[in-house]
Amino acid sequence: MSRAVVKAYAHAKINLSLEILGKRPDGYHEIVSLMQALALHDSLTFTAAELLTLRSSAAELEMGENLILRAAKLLQAECGISAGVVVELEKRIPVAAGLGGGSSDCAATLLALNEIWGLGLSRERLVSLSLKLGSDIPYFFYGGTALVEGRGETVTPLPAFPFHWVVLVTPRVDLPEKTKTLYGKITPDAYTSGDTTRRLAERVRRGEPVDVSEFSNAFLPILLNESPAVRMCWERLHQAGAEHVLLSGSGPTLYVLLEDESDGRALCALLMGLDAQVQLTTTTSLEQLQSTHFEVTR
Ligand code: C5P
C-alpha cells in the first residue's frame with residue numbers, strides 16, 4: 001500500500017443545456033450537454049484497510065450496491081487486488097437529484113483508490129473503466145465547464161463559464177431507476193440536433209457572452225407533465241420572480257442562475273415553506289477544483 005489516507009471533494013454538476021439526439025444501437029441515447037461544476041460537494045475520506053467498508057452520513061447509502069462500493073469492487077477485480085479500504089462519505093449533494101452526486105463520488109473513488117492501492121492507472125484507463133458504472137461519470141474526471149457528448153464518454157473541457165450564484169430546488173420525487181425510466185419516456189419528437197448546445201459551448205470557448213434563455217433540457221417537458229411536485233416548484237420559482245428556471249440532468253432538481261448573492265438569498269427566502277430542498281451554491285471553475293480536490297497524507 002503506497003498511501004494511507006486520501007481526502008477528496010466530489011463536486012456536484014448542473015447541466016446548463018442537455019439535448020438528446022436519438023437512440024443508439026446499444027440502447028443508450030446520444031446526448032450533447034454543457035455541464036458545469038458547482039461548489040456544492042460531498043467529502044470523502046479513504047483509509048487503507050483489509051476489508052471494504054463504507055460509512056456515510058446518509059445511512060441509506062451504506063446499504064446495497066452504491067457506486068462507491070461498485071467502483072472499489074471493479075478496481076479490485078480489474079487489477080487483482082485483495083486490499084480493502086474504509087470510505088467515509090459526508091453527503092451534501094441530494095441523492096438521485098440530477099446533480100451527479102453518485103457519479104462524482106464514483107470518479108473520486110476511482111482516483112483515490114488508484115492512489116491508495118498504488119495502481120498507477122492512467123486517467124484514460126480510469127475514465128474507460130468508469131463507463132462500466134455509469135454514463136455521467138467521465139465528466140467528473142475533468143470537472144469545470146465541459147461539453148459532453150456520445151452517451152457521456154466524450155468530454156471536451158472548456159474555459160470557465162462565468163461565475164454565477166445558483167439556487168437549487170430539489171423536489172421530493174422518488175422514482176425507482178429514475179434515469180432509465182425517464183430516458184424510456186423520451187419520444188423522437190424530443191430529439192434535437194445538438195447544434196444549440198454546441199453553439200453555446202463555442203461561445204464559452206471564445207469567452208463570448210452566453211444568453212441563459214438559450215439553455216434547455218429535453219427532460220423538462222416530461223417532468224413538468226408527469227411530476228406534480230416538479231410542476232409545483234417550477235410555478236413557485238416563477239411566482240418568486242425567477243425568469244429562467246432550468247432543469248439539471250434527468251431532474252428533479254430545478255435551478256436558477258443569478259449574478260448576485262443577495263438575489264440568491266432573496267429567492268431562497270421567498271421559497272420558505274416549499275416542500276423541497278432549497279440550497280444556495282455557486283459555480284466553480286476547474287482551477288478552483290484543482291486547488292481543493294485532493295489531499296493525500298502518507
Ligand atoms: O449510464 P447509466 O447507468 O447512468 O444509465 C442508466 C440508464 O439510463 C441506461 O440503462 C439507459 O437506459 C439510460 N441512458 C440512456 N442514454 C444515456 C445515458 C443513460 O439511454 N446517454
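Along the sequence shown, residues carry numbers from 1. Remember, it's 1-based here, ligands and their atoms both numbered in the order they're listed.
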Please confirm whether Arg151 comes within less than 3.5 Å of ligand 1 when only nitrogen or oxygen atoms on both sides are compared. yes

Please indicate whether Glu208 has more than 12 foreign heavy atoms, meaning atoms of other residues, nucleotides or ligands, lying under 6.0 Å from its CD. yes

With a cutoff of 4.0 Å, is Asp136 in contact with ligand 1, counting heavy atoms of the residue only? no

Judged by heavy atoms only, the candidate from His29, Lys23, Glu30 nearest atom 16 (N) of ligand 1 is His29

Within 45 degrees of the axis of the six-membered ring of Phe141 and under 6.0 Å from its centre: does Arg123 put its NZ or CZ there? no

Checking a contact table here: which protein heavy atom is nearest atom 12 (O) of ligand 1, and how many Å away? Lys180 CG, 3.6 Å

Indicate, with yes or no, if Leu113 and Ile81 share a hydrophobic cluster defined by side-chain heavy-atom contacts under 4.5 Å among Ile, Leu, Val, Met, Phe, Trp and Tyr. yes

Do me a favour and list the nearest non-hydrogen protein atom to atom 3 (O) of ligand 1 with residue, atom name and distance? Gly134 CA, 4.0 Å

Using a strict threshold of under 4.0 Å (side-chain N to carboxylate O), is an ion pair present between Arg92 and Glu90? yes

Side chain, backbone, both or neither: which part of Tyr28 comes within less than 4.0 Å of ligand 1 when only heavy atoms are counted? both

Should Glu202 and Arg205 count as an ion pair when the cut-off is N to O under 4.0 Å? yes

Ring centroid separation Tyr183 to Phe219 under 6.0 Å: yes

Number the atoms of ligand 1 from 1 as they appear, then name those within less than 4.0 Å of a heavy atom of Thr179, with their elements. 8 (O)

Nearest non-hydrogen protein atom, atom 14 (N) of ligand 1: Tyr183 CD1, 3.3 Å

Out of all atoms in ligand 1, which are within 4.0 Å of some heavy atom of Ser135? Include the element for each. 1 (O), 2 (P), 4 (O), 18 (C)

Are a donor atom and an acceptor atom from the side chains of Asp189 and Thr187 found within less than 3.5 Å of each other? yes

